[in-house]
Amino acid sequence: MQIVRFVFGAVFLIIGLLSCIVGVIGVFKFKYAANRMHAAAINDTLGISLCMLGLSVLAPDIASALKMILVIIFFWISAPVASHLLCRLEVETNEEREQYMELHVIEGTEADADKNTAGAPEMEEKVEEAENETADGQKMTAEASDTQIASMDNMVKGETA
Amino acid sequence: MMADAYQVLCTGAMGILAVLMVVCLIRCAIGPRVSDRIMAVNMVSTLTIIMVGIMTVYLKEGYLADVALVYAVLSFLAVIVLCKVYTGIYRERRHAETVSALKEEQEGTACR
């Protein structure tokens, strides 16, 4: 029984270590940072999952085995978030990104707003001013129409009186 | 006999992980972009978590599993904070550049 447990755990641990080695080799093989992130994700998901599964089989007590399973579940949640943020950093800060990837800017997102204002504060101020103007104009027209309506009401009242 | 097998497995795995961590540090040193360096930090912390798990089995101490769990949370936090900080630095720098360029333009038009 002891030997079966050891063999099970050792097999999982060794497969996990092999996938870690594959991930580290892949980080050196690829040419561009976003591709290297893909190789690093192997390490974060498959490598740590298999290693922790094997170690939880080998663990001395049931509580530590369950904690290792909890590490796997936490990594399932956190690794995609971390690589998403890392990829966003890469796309946002790389000036020559059009050489490596095709960018499709979706309308109405943050990137779309960045593209339209081009990061120029003067432009942003102008846009804000324009918005204020339009808002004022709308207010003006609204007030005008209100006064017009009031005057019309007065006229109507005057006629009736 | 079982103790010997455990020792061989744990020591071998620790050796492989140590070599992989050194290789990740090389990636961190030569990485041309900031995202490469953050990625290497993330990989090193992942390998550290596996190492702490192996220590749990090797020393037969249950509390080291808690250490692995806390280390997972900390590595996730480190990656997120580094990403946010570098994105903010890049945005500030770009903003400052555009502001200075616009000021130069305005001075040029004033001289004319």
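Naming: A, B, ... by sequence-line order, numbering from 1 per chain. Keep in mind that this is a model prediction, so the values were computed, not measured.
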**OP:** Against chain B, work out which of Glu90(A), Met68(A), Arg36(A) has the most heavy-atom pairs shorter than 4.5 Å and name it.
**Re:** Arg36(A)

Original post:
If you round to the nearest 0.5 Å, how far is CD1 of Ile77(A) from CZ of Phe76(B)?
Top reply: 9.0 Å

Subject >> Side chain proximity check, Arg88(A) to Cys83(B), heavy atoms < 4.5 angstrom >> reply: no

**OP:** Supply the atom-to-atom distance Cys20(A) SG to Leu17(B) CG, rounded to the nearest 0.5 angstrom.
**Re:** 6.5 Å

**OP:** Name the option with the most non-hydrogen atom pairs under 4.5 Å to chain B; the candidates are Leu85(A), Leu55(A), Asp61(A).
**Re:** Leu55(A)

Original post:
Applying side-chain hydrogen bond (donor to acceptor under 3.5 Å, both in side chains), which residue pairs with at least one partner in residues 60-87 of chain B are found, sequence neighbours left out?
Top reply: Lys67(A)-Asp66(B)

Subject >> Distance (rounded to the nearest 0.5 Å) between Asn43(A) CG and Leu20(B) CG >> reply: 7.5 Å

**OP:** Among the options Ile14(A), Leu17(A), Val27(A), pick out the one with the most heavy-atom pairs lying under 4.5 Å from chain B.
**Re:** Val27(A)

Original post:
Leu89(A) pairs by side-chain contact (heavy atoms from CB on, under 4.5 Å) with which of Leu82(B), Val85(B), Ile38(B)?
Top reply: Ile38(B)

**OP:** Please report the shortest heavy-atom distance between Val24(A) and Cys24(B), naming the atom on each side.
**Re:** CG2-SG, 4.1 Å

**OP:** Side-chain contact test, heavy atoms from C-beta onward, threshold under 4.5 Å: evaluate it for Thr46(B) versus Phe75(A) and give yes or no.
**Re:** yes

**OP:** Heavy-atom distances under 4.5 Å only: say whether Met37(A) touches chain B with side chain, backbone, both or neither.
**Re:** both

Original post:
Less than 4.5 Å apart, any side-chain heavy atom of Val34(B) and any of Thr93(A)?
Top reply: no

Original post:
So which of Met43(B), Met39(B), Glu97(B), Arg33(B) has the biggest tally of heavy-atom pairs under 4.5 Å with chain A?
Top reply: Arg33(B)

Original post:
Contact part of Ile21(A) toward chain B, heavy-atom cut-off under 4.5 Å: side chain, backbone, both or neither?
Top reply: both

Original post:
Can you list the steps and then say if Phe74(A) with Ile49(B) is a side-chain contact (heavy atoms from CB on, under 4.5 Å)?
Top reply: CA-CA 12 Å; Phe74(A) 182 76; Ile49(B) 293 163; over 6 Å; no

Subject >> Sequence-distant partners of Arg93(B), salt bridge (charged side-chain N to carboxylate O under 4.0 Å, His left out), two or more places apart >> reply: none

Original post:
Do Val57(B) and Leu13(A) have side chains that get closer than 4.5 Å, going by heavy atoms?
Top reply: no

